[in-house]
Amino acid sequence: MKVVTTRDELRAARAELSVRADTTGADTTGEVGVVMTMGALHAGHEALLRRARADVDAVVLTIFVNPLQFGPAEDFDRYPRTMEADLALARACGVDLVFAPTREVMYPGGDPVVRVDPGPGADVFEGASRPGFFHGVLTVVNKLFALTRPDAAYFGEKDYQQLSMIRAMVRDFDLPIDVRGVPTVREPDGLALSSRNRYLSPVEREQALVLHRALAACAATGSVDAGMAEYAKVPEVKVDYLAWGEGRWLTAAWVGGTRLIDNTEASNS
Ligand code: AMP
């Protein structure tokens, strides 16, 4: 596994991947796949990497805590950074190439002047609560697409609105990339894995289960009221939104100082 941090190193390593992808056996696709992360890797990221490993000939992992997508009052400075453990997990998943740029490598000359306009899809849910979030996400994803030149890209359904905004960008910009969604990985008790779960105290970790319970209640009844009734049982948790959109039940809530999101498919069965 090669680990690179500069654009020159990435260019050289990416070119090598193409040569290898072109000369492999008939049972491989010759595709290069990318998994983009902010590090602090867990079993959710691992599922993306393993899916990519199974699908494509060469797997690229990017690790970059993107300052553009954090608001001024958000957790950019204290976001967990666990590079050594991340690289160990990447190695165990058979990643070929890791690109872990610094802020200066990603944004030479300062923050980008031109940014992706996410359109009206960013006016609701995460976009409404976090102004500028999707501008930042789509801008860095677009840059990382240009830098890593993947055939396929893997994103988690955990961030469902993000997945659909990335699909929209790929469609509207005619990017030659196959976007593949991967189902949310959960703890046995239902909590969706998140790098931010490590902020939770043991008591908050218990309280955080209400997101999953609220979504399950919505999915079972088809009504937002049933989900809000679940939230009402845990008054320490402050709901940001619980709503229907994108064909899913979507929620965000504050558990102490930690903002968590989750979503689930509809099912009335
Ligand atoms: P992040 O590092 O949190 O920006 O996430 C990087 C990628 O991993 C995104 O595509 C996320 O949707 C995905 N991801 C994060 N948590 C999970 C999870 N619990 N299950 C599946 N994918 C996830």
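Both counts, for ligands and for their atoms, begin at 1 and track the order of listing. Just the heavy atoms: all of them, side chains too, but no hydrogens, waters or symmetry mates, feed the values below.
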Enumerate the atoms of ligand 1 whose separation from the nearest heavy atom of [X] is less than 4.0 angstrom.
X	value
Leu193	16 (N), 17 (C), 18 (C), 19 (N)
His42	15 (C), 16 (N), 17 (C)
Phe155	10 (O)
Lys158	16 (N), 17 (C), 18 (C), 23 (C)

Write out the residue and atom name of the closest protein heavy atom to [atom], then the distance separating them to 0.1 Å.
atom	answer
atom 12 (O) of ligand 1	Asp159 OD2, 2.6 Å
atom 20 (N) of ligand 1	Val185 N, 2.9 Å
atom 7 (C) of ligand 1	Met36 O, 3.5 Å
atom 10 (O) of ligand 1	Gly156 N, 2.9 Å
atom 4 (O) of ligand 1	Met38 CG, 3.6 Å

task = Take the angle between the ring planes of Phe155 and Phe145 and call it parallel below 30°, perpendicular above 60°, tilted in between.
result = perpendicular
key: Ser194 N/O to ligand 1 N/O under 3.5 Å   = no
message = Hydrophobic cluster membership, with links at side-chain heavy-atom distances under 4.5 Å among I/L/V/M/F/W/Y: are Val95 and Leu89 in one?
response =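 Linked within one cluster.
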I'd like to know if [X] and [Y] make a salt bridge, using a cut-off of under 4.0 Å between side-chain N and carboxylate O.
X	Y	result
Glu31	Arg180	yes
Arg78	Asp75	no
Asp96	Lys2	no
Arg205	Asp189	yes

query = Between Val182, Leu48, Thr37, Ile261, which one has a non-hydrogen atom sitting closest to atom 22 (N) of ligand 1?
reply =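 Result: the heavy atom closest to atom 22 (N) of ligand 1 is in Leu48.
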key: Glu157, Arg196, Arg186, His45: member with heavy atom nearest to atom 1 (P) of ligand 1   =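 Looking at heavy atoms only, the winner is His45.
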key: Audit row: Arg248, Thr264, side-chain contact (heavy atoms from CB on, under 4.5 Å) steps and yes/no   = CA-CA 6 Å; Arg248 319 277 290 197; Thr264 196; 5.6 Å; no
key: Qualifying ring-ring contact (aromatic ring centres under 6.0 Å, His included) pairs with a residue from residues 169-228, counting only residues at least two apart or across chains   = none
message = At under 4.0 Å between heavy atoms, is it the side chain or the backbone of Pro183 that contacts ligand 1, or both, or neither?
response = backbone
Any side-chain donor near an acceptor of the partner, Tyr107 and Asn66, under 3.5 Å =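 Per modelled atom types, Tyr107 and Asn66 side chains form a pair under 3.5 Å.
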